[in-house]
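Okay, structure first, notes after.
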Amino acid sequence: MTGAADGYARMAGRPAATLLHLGPGLGNGLANLHNARKARTPVLNVVGEHATYHRDFETPLASDTAAIAGTVSHWVRSAEHADAVSTLAAQGIAEARSEPGRIATLILPADAAWSETAAPIAAAPAPQPAPAPDPAKLARAVTALRSGAPTLLFMAGAATRGEALRAAGRLAAHCGCELMTPISVTRIERGAGRPAVRRIPYPPGPARQALAGYRNVIVIGAPPPVSFFGYPDEPSVLTAPASELIDFGIEVDAPGTLEALVEATGAAASAPSVRSAAPVALPEDGDAVLTARLANQVVAALMPEQAIVCDEAVTSLEGFLEFSAGGPQHDLLRLTGGAIGIGIPLATGAAVACPERRVIGLQADGSAMYTVQALWTQARERLNVITVIYANRAYRILRGELRGVGAGEPGPSARRMLDLDDPVIDWVSLARAMGVEAARAETVAGFVQAMRNALAARGPFLIEARI
């Protein structure tokens with residue numbers, strides 16, 4: 001549920017609400033609430049709790065619900081009596097709607113829910129606007145953009161869509177700066193006719209190389225570039241020591257900051273720098289054994305205009321960003337907090353928010369096992385979601401991390417923890433058991449046909465891509 005709430009709110013542009021059962025129920029959804037918090041997605045959690053007079057007993061479900069909620073919430077309150085429910089609910093909605101989005105959690109004891117009240121229905125107060133940019137930082141950023149020195153706009157949040165993204169494109173055209181996002185971008189508009197925004201590489205070595213040439217790095221709505229993990233004898237900060245970092249912060253009004261930079265640099269009259277149309281051809285050899293790169297080429301070639309792509313492909317995203325850059329316009333939603341298991345529910349929520357658009361989930365097989373039950377929800381709600389399972393039968397990302405810390409290749413016992421091949425997961429049978437039509441592909445031609453069948457179908461469809 002929590003992953004679906006994230007996907008819904010990202011695409012609907014308004015808060016999603018969850019209904020969770022006491023502390024353990026909240027705990028079950030904690031990983032994807034962590035992702036939603038990192039995405040700054042607006043979510044209101046309503047968590048049922050024992051009646052106030054029953055909380056002191058050590059019942060099986062008794063827990064410190066507020067403490068659990070506090071790990072992922074910007075705002076936590078408990079309605080201790082029925083008269084407080086409406087006021088606190090209105091406050092929670094306002095908190096969730098604040099810019100950028102927040103996670104609000106209202107704990108609702110059972111007796112506060114079932115008791116009568118004469119309290120009026122409260123109106124939600126005005127949400128808090130995002131802070132305006134610091135004038136001193138604006139002046140530094142304008143100087144950097146006008147300097148002619150290599151300058152990067154490192155952006156996330158609301159900066160990667162709509163008028164804010166077009167403003168960034170105007171700065172790129174007028175000032176010659178480049179645009180980049182973190183690995184974990186909440187939602188970005190991509191495709192032909194939209195500004196070109198690169199993604200920072202995941203491995204720290206290539207990431208440092210990608211940032212090495214910039215004299216100025218202007219950070220808007222994102223944390224400064226740092227490595228995903230710490231590694232022996234490697235710095236966490238990815239920008240070059242000689243680079244000037246101008247950090248406006250995560251909380252800042254990103255669209256307002258970009259518009260202010262456009263006005264101050266004289267870029268308002270410039271047309272945004274955008275991607276030219278570059279349609280993707282299908283792979284020529286239909287008999288070729290399927291690989292992740294070939295599968296992604298097919299997806300990019302066949303996906304319709306205004307598709308919503310939910311990415312939890314992890315190590316199997318190879319080539320997709322490249323192939324789709326000049327293709328049909330689409331929104332890309334990504335894993336933001338590093339807690340795997342978001343992909344299938346994220347796509348589910350996006351499809352609820354935008355039933356008129358095709359949703360395509362690019363999904364690693366290992367992380368899919370965490371929330372596979374969301375397929376049943378897709379079937380129950382007749383959602384137009386295509387889920388591509390990259391069945392490489394391994395947690396390959398973890399093998400890479402073992403190498404990154406100097407542990408080398410895993411031995412037999414470690415491989416047993418990283419592999420998914422004993423027994424092999426039958427994704428077609430698993431999907432059909434949940435009411436989702438499914439097909440398996442091992443060649444390019446088989447995958448092309450499966451994608452065409454999925455696009456022609458109504459309702460959810462899963463393709464097991466054996467790679």
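Positions are given from 1, in the same order as the sequence printed here. Predicted model, so just to flag it, every value in this text is computed and none were measured.
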- Heavy-atom distance under 4.5 Å between the side chains of V359 and L383, does that happen here? no
- Task: For L44 and A96, work out which heavy atoms get closest and say how close.
- Result: N-CB, 4.4 Å
- Item | Separation of Q373 CD from I344 CD1 (nearest 0.5 Å) | 8.5 Å
- Message: Between R199 and V185, is there a side-chain heavy-atom distance shorter than 4.5 Å?
- Response: no
- Can you check whether L375 reaches P460 side chain to side chain, under 4.5 Å on heavy atoms? no
- Is there a side-chain contact between Y370 and N32 (heavy atoms, below 4.5 Å)? no
- Note on the structure: Shortest non-hydrogen pair, R293 vs G319, comes out as NH1-CA, 3.5 Å
- Note on the structure: What one should report as the nearest heavy-atom pair of T65 and G23 is OG1-N, 3.5 Å
- Got a donor-acceptor contact below 3.5 angstrom from the R432 side chain to the A438 backbone? yes
- Message: Under the criterion side-chain contact (heavy atoms from CB on, under 4.5 Å), I'd like the reasoning laid out for L152 against T239: C-alpha separation, chi angles, the key distance, then a yes or no.
- Response: CA-CA 11 Å; L152 177 70; T239 49; over 6 Å; no
- Give the C-alpha distance, both sets of side-chain angles, the deciding distance and a yes or no for side-chain contact (heavy atoms from CB on, under 4.5 Å) between F323 and V299. CA-CA 9 Å; F323 290 129; V299 173; over 6 Å; no
- Task: Verify the neighbour count for atom CZ of R198: are there more than 12 heavy atoms of other residues, nucleotides or ligands below 6.0 Å?
- Result: yes
- Query: So, N296 versus Y390: side-chain donor-acceptor pair below 3.5 Å or not?
  - Reply: yes
- Measure across P195 and L179 and return the closest heavy-atom pair with its distance rounded to 0.1 Å. CB-CD1, 4.2 Å
- Query: Backbone N or O of T186 within a donor-acceptor pair of the R40 side chain at under 3.5 Å?
  - Reply: no
- Message: Treating R77 as the side-chain partner and G92 as the backbone partner, does any N or O pair qualify as donor plus acceptor under 3.5 Å?
- Response: no
- Kindly compute the distance separating CZ (R440) from CG (L290), expressed to the nearest 0.5 Å. 13.0 Å
- Side chains of I250 and P223: closer than 4.5 Å at any heavy-atom pair? yes
- Does a side chain donor of either T59 or H54 reach within less than 3.5 Å of an acceptor in the other side chain? no
- Kindly compute the distance separating OG1 (T18) from OH (Y8), expressed to the nearest 0.5 Å. 13.5 Å
- What pair of heavy atoms forms the shortest contact from G25 to L20, and how long is it? O-CD2, 4.1 Å
- Is there a side-chain contact between K38 and S184, using heavy atoms and a 4.5 Å cut-off? no
- Item | Shortest non-hydrogen separation from A450 to F461 and the atoms involved | O-CE2, 4.2 Å
- Message: Strictly distance-based, threshold 3.5 Å: is any side-chain N or O of T87 a donor or acceptor partner for the main-chain N or O of A84?
- Response: no
- Message: For a side-chain contact (heavy atoms from CB on, under 4.5 Å) check, start with the C-alpha distance between T181 and T160, then their side-chain angles and the critical distance, and finish with the verdict.
- Response: CA-CA 8 Å; T181 71; T160 56; 3.9 Å; yes
- Backbone N or O of P127 within a donor-acceptor pair of the S98 side chain at under 3.5 Å? no
- Message: If I take atom CG from residue L333 and atom CE from residue M11, how far apart are they, to the nearest 0.5 angstrom?
- Response: 6.0 Å
- Message: If we ignore hydrogens and angles and just use 3.5 Å, is the side chain of R161 paired with the main-chain N or O of A159 as donor and acceptor?
- Response: no
- Query: Do the side chain of S78 and the main chain of E80 share a donor and acceptor less than 3.5 angstrom apart?
  - Reply: no
- In Å and rounded to the nearest 0.5 Å, what is the CG to CD distance from L332 to E189? 11.5 Å
- Task: Would you kindly say whether Q363 and E312 are connected by a side-chain donor-acceptor distance under 3.5 Å?
- Result: yes
- Message: Tell me whether the rings of F320 and H330 are parallel (<30°), tilted (30 to 60°) or perpendicular (>60°).
- Response: perpendicular
- Query: Ion pair present between R357 and D331, side-chain N to carboxylate O less than 4.0 angstrom?
  - Reply: yes
- Hey, is the main chain of Q378 close enough, under 3.5 Å, to the side chain of T348 for a donor-acceptor pair? no
- Item | Side-chain (R10) to main-chain (T41) donor-acceptor, under 3.5 angstrom | no
- Determine yes or no for a side-chain-to-main-chain donor-acceptor pair under 3.5 angstrom, with R37 supplying the side chain and L33 the backbone. no
- Count the heavy atoms belonging to other residues, nucleotides or ligands that lie under 6.0 Å from CD of E116, then report whether that count exceeds 12. no
- Query: With a 4.0 Å cut-off, would you call D247 and K137 a salt bridge?
  - Reply: no
- Query: Given side chains that start at C-beta, do those of M303 and R358 come closer than 4.5 Å, heavy atoms only?
  - Reply: no
- Message: Let me confirm one number: the CE-CE distance from M180 to M155, rounded to the nearest 0.5 Å.
- Response: 10.5 Å
- Query: How far apart are the C-alpha atoms of L238 and I200, what are their side-chain angles, what is the distance that settles it, and do they pass the side-chain contact (heavy atoms from CB on, under 4.5 Å) test?
  - Reply: CA-CA 10 Å; L238 297 174; I200 191 172; 3.9 Å; yes
- Item | Side chains of P225 and V219 in contact at under 4.5 Å (non-hydrogen atoms) | yes
